[in-house]
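See structure below.
Residue numbers begin at 1 in each chain, while the letters A, B, ... track the order of the sequences.
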There are 2 protein chains.
Amino acid sequence: MPVDPLRRYPGYAIRRVSAWTMAGLAERLEEFELRPSEASVLVVIGENSGITQSELGKMLGIVSANMAPLIARLEARDLVARKPVDGRSFGLSLTRAGARLAETAFAAMQEHERDLIARIPPASRAGFVEALQALLDELQD
Amino acid sequence: MPVDPLRRYPGYAIRRVSAWTMAGLAERLEEFELRPSEASVLVVIGENSGITQSELGKMLGIVSANMAPLIARLEARDLVARKPVDGRSFGLSLTRAGARLAETAFAAMQEHERDLIARIPPASRAGFVEALQALLDELQD
DNA sequence: TATTGTTATACTCTATAACTATA
DNA sequence: TATAGTTATAGAGTATAACAATA
């Protein structure tokens, strides 16, 4: 009987869908003992060996204050190595174990993405992806 | 020079866009001293006077353990009134001040939604909204 | 037994401020 | 002065467990 006055608003829908899909991804990554943010960091380092923390943070929208302990955890697990590039910044790279885990985690993430897309009516998939890309471009600044 | 391997994935894009738009909404609601979750609760109660906490939580995806303190805060500010409907549940309604604030906050939320839509290329808006509705329907269970 | 609401607690993501060290 | 990174702290949303009271 109750009426939901917010359902029709895309911003509200994004919020709900995001929370839902992130919970699903977190569950999927649990077996690797990786949070979503940690998995995305591993994948990005794997594709950009030598990237610095600040570059990584800029790409993923993670402020440096949060990046520091995140990288520290991955380094403590011997998944990521840090080598000074100058006196104040580090080049990040994956260890053997890190590269292996990044690949497995990325596969899980891609499977998760496929499951998500599969739930969208085919006719609206293209517009959905285009709109998200446009919004993501907006926030790249 | 660095390459972002995640940009093209809609699930990842949803996560980033959600965080961004929610931060914008939170900023917009700051002048009313309302969090996004509190504002949405006010609006839903306004449209469904007498709704119980459990019904409200089911609609908005808020578990009862988190609904309790949220409602308590709104009641303490004299925005929401609780009347027992039976020995264990309460019917929620807005006070005069609550109704006034709900209306103002809803207007701000709608303005925020308009700004979001305006950033989407017109050609992909329909698909975007349709896809989100389909996903929201999925998670209604 | 199931439902409603509460309390306590914890996790994740996000953010700001203050700081050190280096460019 | 500006940049890279660190530490401490806080806010917001989400979640589970344990519980009391009621249906």
So, R28(B) and E111(B), do they make that salt bridge, N to O below 4.0 Å?
yes
May I have the distance from M67(B) (atom CE) to dT14(D) (atom P), rounded to whole angstrom?
10 Å
Taking only N and O in the side chain of S54(A), is any of them less than 4.0 Å away from OP1 or OP2 of dG5(D)?
yes
Between D137(B) and R7(A), is there a salt bridge with N-O shorter than 4.0 Å?
yes
Separation of atom CG in L29(A) from atom C1' in dC13(C), rounded to whole Å:
15 Å
Output yes when at least one side-chain N/O atom of Q53(B) is less than 4.0 Å from OP1 or OP2 of dT3(C), else no.
no
Which listed nucleotide (dG5(D), dG5(C), dA17(D)) is nearest to the side chain of A65(B)?
dA17(D)
The nucleotide from dA23(C), dG5(D), dG5(C) with an atom nearest the side chain of S64(B) is dG5(C)
Indicate whether the side chain of Y9(A) and that of Q110(B) have a donor and an acceptor atom separated by less than 3.5 Å.
yes
Starting at CD of E75(B) and ending at C1' of dG5(C), how long is that distance when rounded to a whole Å?
13 Å
Just how far, in rounded Å, is P of dG5(C) from CG of L74(B)?
15 Å
Say whether, by atom type as modelled, one donor and one acceptor occur between the side chain of T104(A) and the main chain of R100(A) under 3.5 angstrom.
yes
From dC13(C), dA23(D), dT7(D), pick the nucleotide closest to the side chain of P69(A)?
dT7(D)
Please check the phosphate of dC13(C) (OP1 and OP2 only) for any side-chain N or O of R35(A) closer than 4.0 Å.
yes
For I71(A) and dT7(D), what is the distance between atoms CD1 and C1' respectively, to the nearest whole Å?
16 Å
Check the distance between dT3(C)'s P and E55(B)'s CD and give it to me in whole angstrom.
14 Å
Decide yes or no, distance alone: a donor-acceptor N/O pair under 3.5 angstrom between the base of dT22(D) and the side-chain of R88(B).
yes
For a quick check of understanding: with a heavy-atom distance under 4.0 Å over all strands, which category does R82(B) fall into, base, sugar-phosphate or nothing?
sugar-phosphate
Could you state the CZ-P distance from R15(B) to dC13(C), rounded to the nearest angstrom?
6 Å
Specify the separation, in whole Å, of atom CZ of F90(A) and atom C1' of dT20(C).
12 Å
Ranking G91(B) and N66(A) by the position along DNA chain C of their nearest nucleotide, the one closer to 5' is G91(B)
Is there side-chain contact between P36(A) and R15(B), with heavy atoms separated by less than 4.5 Å?
yes
Need one value for R16(A): base, sugar-phosphate or nothing, where a base atom within 4.0 Å counts as base even if backbone is also close, heavy atoms only.
nothing
Toward the 5' end of DNA chain D, which comes first, A23(A) or A68(A), by nearest nucleotide?
A68(A)
